[in-house]
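Here is the structure we will look at, set down as structure tokens.
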Protein chains: 2
Amino acid sequence: MKEERADAARNRAKVLAAAAEVFAAKDPRAVTMDDIAKAAGVGRGTLYRRYPDVASIAVALLDEHEAALQRGLLAGPPPLGPGAPPAERLAAFYTAMADLLEAHGDLALATEIGGRRFEIGAYGFWRAHVLSLLREARIPAPEALADTLLAPLAPEVFKHQRAQGLSLAKVKGALSRLATVVENRPG
Amino acid sequence: MKEERADAARNRAKVLAAAAEVFAAKDPRAVTMDDIAKAAGVGRGTLYRRYPDVASIAVALLDEHEAALQRGLLAGPPPLGPGAPPAERLAAFYTAMADLLEAHGDLALATEIGGRRFEIGAYGFWRAHVLSLLREARIPAPEALADTLLAPLAPEVFKHQRAQGLSLAKVKGALSRLATVVENRPG
DNA sequence: CCTTAAATGGACATCGTGTCCGCTTATTCG
DNA sequence: CGAATAAGCGGACACGATGTCCATTTAAGG
């Protein structure tokens, strides 16, 4: 395992810092490899060396923020972490994701660039989490429901709701209501 | 109001027919104006004369199919049309949309090309419908919930579920479970 | 220092977009 | 019926983004 060369490390940092600014400054879906290269003062080839496309750069930036939430889900205090009933944990997850989208919606949006939402980034992790909650709640055929329940967290959807003038609280309220579907009730 | 010239009408038909085949033949998100022009035996300028982009062509093709469902919602027999309780109507709507996505998923996918899902096509219609059901069910703050409930119908989501091996029935099952959120229950 | 391989960055080829305008063809009117 | 007129057509063009390639630069180690 060779060390990363000093100039390489420096450039990696420059790129990520510059990319964060670029994503914040303009429509994240319109950001181009050139934009980031220019902003970072780096050639395009250098970018491609590490990241295959713009979405990957956004993922790299987002990872850091998502990791915190992921730890909370796995081992944090209830209701986010283990210990609370599934419905409450799902609601807490929704709330936390809404906060994350509110804070880093630009990056999340950039993540969707190639339409690879399901392969790239943390989608698999969120899905596994929801799936385990559904199983714990003894929901029949939980596989399809997991994707269904994650759909409203698509960055596009969240952004659209906020752009419409819906407050963060209102969006969270809607998601919380959704979370009640995991409560088993008389059928 | 001038009549459409005969050759123009002929070309419109040629274009739509060719476009339908092209969308069916390859990844609808990768279809280009050129592809359609070539397939229709028409110049690109002719395409741009009527349709500003690929998504619009897909919308034109999809409209026809969506119109039937729209009529059903407004004036058809229950539970799709008026008369049934909101939860049942929502479930019926979900089922019908799933069938529509199953039959014309390729077009629906092409509709999302520019990331304009919320402005283009029938999204506004579906939203208005769901909103009215939520109001009828006396759900508080229904605006945010409307978008939330429509999110799982995003063509990308449906396609992903089906591609994973989930049967149409399973997907419908998940959606039906979702529909139960409009049932008022003890809080 | 000097060697060596990693790292860089810009040139290149390719593709898709959207516009523009000279040519063609349907329609209308004398 | 044949010319005038305007609608319709389609390819050429300029532009912008992508991803690759390789000559040059630069760090790291002896």
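Only this structure's heavy atoms are used, side chains among them; waters, hydrogens and symmetry mates stay out. We name chains A, B, ... by the order of the sequence lines, and we start the count at 1 in each one.
In this entry the distance linking CG of A:Asp53 with P of D:dG19 reads 7 Å, nearest Å. As rounded to whole Å, 14 Å separates atom P of D:dG19 from atom CG of A:Asp35. Summarising the geometry, the separation between OH on A:Tyr51 and C1' on C:dT8 is reported as 15 Å, rounded to the nearest angstrom. Between A:Asp34 atom CG and C:dG10 atom C1' the separation is 10 Å, expressed in whole Å. Taking atom NZ on A:Lys38 and atom P on D:dT18, their separation rounds to 11 Å, with Å as the unit. For the pair A:Arg12 CZ and C:dA6 C1', the interatomic distance rounds to 14 Å; values are reported in whole Å. Rounded to whole Å, atom C1' of D:dG16 lies 15 Å from atom CE of A:Met33. The separation between A:Lys14 atom NZ and C:dA7 atom P is 15 Å, rounded to whole Å.
Applying the 4.0 Å criterion to OP1 and OP2 of C:dA7, one finds that A:Thr46 has every side-chain N and O outside that range. Regarding contacts with the backbone of C:dA7, every side-chain N or O of A:Asn11 stays at 4.0 angstrom or more from both OP1 and OP2.
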Please produce a list of atom pairs where a protein N or O lies less than 3.5 Å from an N or O of nucleotides 26-30 of chain D.
residue: D:dT26; atom: O2; partner: A:Arg5; partner atom: NH2; Å: 3.4
residue: D:dA28; atom: OP1; partner: A:Ala6; partner atom: N; Å: 3.0

Using a cut-off of under 3.5 Å, enumerate the N/O to N/O pairs linking the protein to nucleotides 20-24 of chain D.
none

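No side-chain donor-acceptor contact under 3.5 Å links A:Thr46 to the backbone of A:Val42. B:Arg89 contributes a side-chain N or O that, together with a main-chain N or O of B:Gly81, makes up a donor-acceptor pair within less than 3.5 Å. Put simply, the side chain of B:Gln161 gets close to the backbone of A:Ala144: a donor and an acceptor are under 3.5 Å apart. Side chain of A:Arg44 to main chain of A:Ala37: no donor-acceptor pair is present (N/O by atom type, distance under 3.5 Å, no hydrogens or angles). In this structure, A:Asp99 contributes its side chain and A:Ala96 its backbone to no donor-acceptor pair below 3.5 Å. Side chain of A:Arg177 to main chain of B:Val181: a donor-acceptor pair is present (N/O by atom type, distance under 3.5 Å, no hydrogens or angles). No donor-acceptor pair closer than 3.5 Å links the side chain of A:Arg29 to the backbone N or O of A:Ala110.
The pair A:Glu102-A:Arg162 meets the salt-bridge criterion, since a charged nitrogen lies less than 4.0 angstrom from a carboxylate oxygen. Checked for salt-bridge contact, A:Arg127 and A:Glu143 miss the test: no charged N lies under 4.0 Å from a carboxylate O.
Shown for residues 106-118 of chain A: no residue has heavy atoms falling under 4.0 angstrom of DNA chain D.
Within the nucleic acid shown, B:Thr32 comes within 4.0 Å of sugar-phosphate atoms alone, with no base atom in reach, counting heavy atoms only.
A:Ile139 and A:Leu90 end up in the same hydrophobic cluster when Ile, Leu, Val, Met, Phe, Trp and Tyr side chains are linked at under 4.5 Å.
Judged by distance alone, the side chains of B:Asp53 and B:Ser56 do bring a donor and an acceptor atom under 3.5 Å apart.
For the pair B:Leu134 and B:Pro142, the tightest heavy-atom approach, listed with the atom from each and the gap, is CD1-O, 3.5 Å.
Closest to the A:Arg50 side chain, of the nucleotides C:dG9, C:dG18, C:dT8, is C:dT8.
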